[in-house]
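See below for the structure under consideration.
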Amino acid sequence: MEKHTLWGGRFEQETDPQMWALNASIMVDRRLAFHDIRGSQAWVRALHRAGVLTAQEAQTLQDGLERVAAEFAEGRFVFAPTDEDIHTAVERRLGELVGAVAGKLHTGRSRNDQVATDFRLWMLDAIDAVRRAIAELQSALLERAEADLDAIMPGYTHLQQAQPILLGHWWLAHFWALQRDRERFAQSRERTSVMPLGAAALAGTAYPIDRAALAADLGFKAVAPNSHDAVSDRDFAAEFLFNAAMLGVHLSKLAEGVILFSSAEFGFFELSDAYSTGSSLMPQKKNPDAFELARGKSGALIGNLTGLMATLKGLPSAYDKDLQEDKAPVFRAYDDLMALLPVLAKALRTLKVNRERMASALDSATLATDLADYLVTHGIPFREAHSIVGKAVSAALRLGVPLNELPEDVRAAIHPALAGDLTDVLSPEACLARRNVEGGTAPAAVRAQLEKAKEALG
Ligand code: ARG
């Protein structure tokens, strides 16, 4: 098969078919079709403003590109075996539709600045979509926090019971992590909104293009200040992948918590059937697959970032074909996140909380800190109070009773200040209410936090 490439003029031999397959990127970059066409339409306007194209030529190219876009939109676009990448495919089809004038489209432009422009345009839309999906998950967490605000649960550090907290507080902890992720994507959007077009291959286009006007036309906030940097810069892709990886880590942490709390041993949560799966062998099983996939996919999200970083290091100058490897990891990350985020939101909304189970799981030893604080009110220095309560905890363990049921004579023997009725001191409600600092787990503080969270979500 004879290949009609954009660059074949100097070549005397045909490209080896396996070399062709290796080099072609159409299977990956075809999803840039609309952004490639948008970029080309703006380029046509810029060439016309620069006096390179007549009004008639510009109009013909615009109409032709519009028809190519319609073919993609309606699923009618037919790829040819000679379509090496999306840029080639669009230009080839444009030629078939409008004739020889299509050959003027690529004047003063290189695929190097073209692909970087297309990819950034695609990413601006992708960032908006991911941010909306994160916001949806955040709003599910907000709803949960509101519904479960006053449910008491053991809070864990080192996966050992630490102090009582409210479930509303636990949900909001995950809300704020996602808030930072959403902010990070917004900040990266600013650096992504920089236009490479006009850089040409590496040295800048030789035509009098008004790049500022072109950037405004395409909705970019700035023009890349150096043509050499413009065609090699993939920081925006790496940033997207870092943001995706960080988000993946947050989703994985949330997922691990939900998986753990849904196990029979904890029994705090029960997942809806709609977001669980069964076992082909064990009839009793209901597995938290949505959350396991969140935990699992975070591995690939981290891998996408490290893969691209390794690809970028050591590229000597401007554009190198290594850069063609930039898109697949970004598309994979985007697809994984867009599959995951909506399902997690729905799975959280439909999950059931077993309040009794959570409250009864709370060991009264989690009130030991409060007992020490109580001794502090008797003028005992905290360090000493800590050690006295430690002895009480150890005595309770020895006698096999919960801390709040330690007999009074035993307590009095440890320290006189421990004698008397400690019911109020050793109550989870009292313990929670005392943590009424901004950001703390007291019901009033969590209600205030919830308002802040709503404001942050907008
Ligand atoms: N398919 C290429 C890519 O994704 C387009 C740029 C090709 N440039 C070149 N000089 N061969 O990077």
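We count ligands from 1, going down the list as the structure has it; atoms in each ligand are counted the same way. Start at 1 with the first residue, then count along the sequence. These figures come from a predicted structure and were not determined experimentally.
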Decide if atom [atom1] of [X] counts as having more than 12 heavy atoms of other residues, nucleotides or ligands within a radius under 6.0 Å.
| X | atom1 | answer |
| --- | --- | --- |
| R67 | CZ | no |
| K454 | NZ | yes |
| M338 | CE | yes |

(request) From the options L202, N112, L32, select the one whose nearest heavy atom is closest to atom 9 (C) of ligand 1. (result)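 Comparing heavy atoms across L202, N112, L32, the nearest one to atom 9 (C) of ligand 1 lies in N112.
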Tell me, which protein residue and heavy-atom name are nearest [atom], and how many Å apart are they?
| atom | answer |
| --- | --- |
| atom 11 (N) of ligand 1 | R111 NH2, 3.7 Å |
| atom 2 (C) of ligand 1 | Q324 OE1, 3.1 Å |
| atom 7 (C) of ligand 1 | Y319 OH, 3.6 Å |

Of all the atoms in ligand 1, which lie at a distance below 4.0 Å from a heavy atom belonging to [X]?
| X | value |
| --- | --- |
| S25 | 1 (N) |
| D29 | 1 (N) |
| D85 | 1 (N), 2 (C), 5 (C) |

(request) Indicate, with yes or no, if the rings of W43 and Y207 have centres closer together than 6.0 Å. (result)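 No, the ring centres sit 6.0 Å or more apart.
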(request) Would you please indicate yes or no on a ring centroid separation below 6.0 angstrom for W170 and F175? (result)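 No.
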(message) Can a donor-acceptor pair be found, under 3.5 Å and without considering hydrogens, that links the side chain of T117 to the backbone of D113?
(response)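 The answer is yes, because a donor-acceptor pair under 3.5 Å joins these two groups.
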(request) Have a look at ligand 1 and work out which part of K327, if any, has a heavy atom under 4.0 Å from it: side chain, backbone, both or neither. (result)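 It is the side chain that gets close, since no backbone atom is under 4.0 Å.
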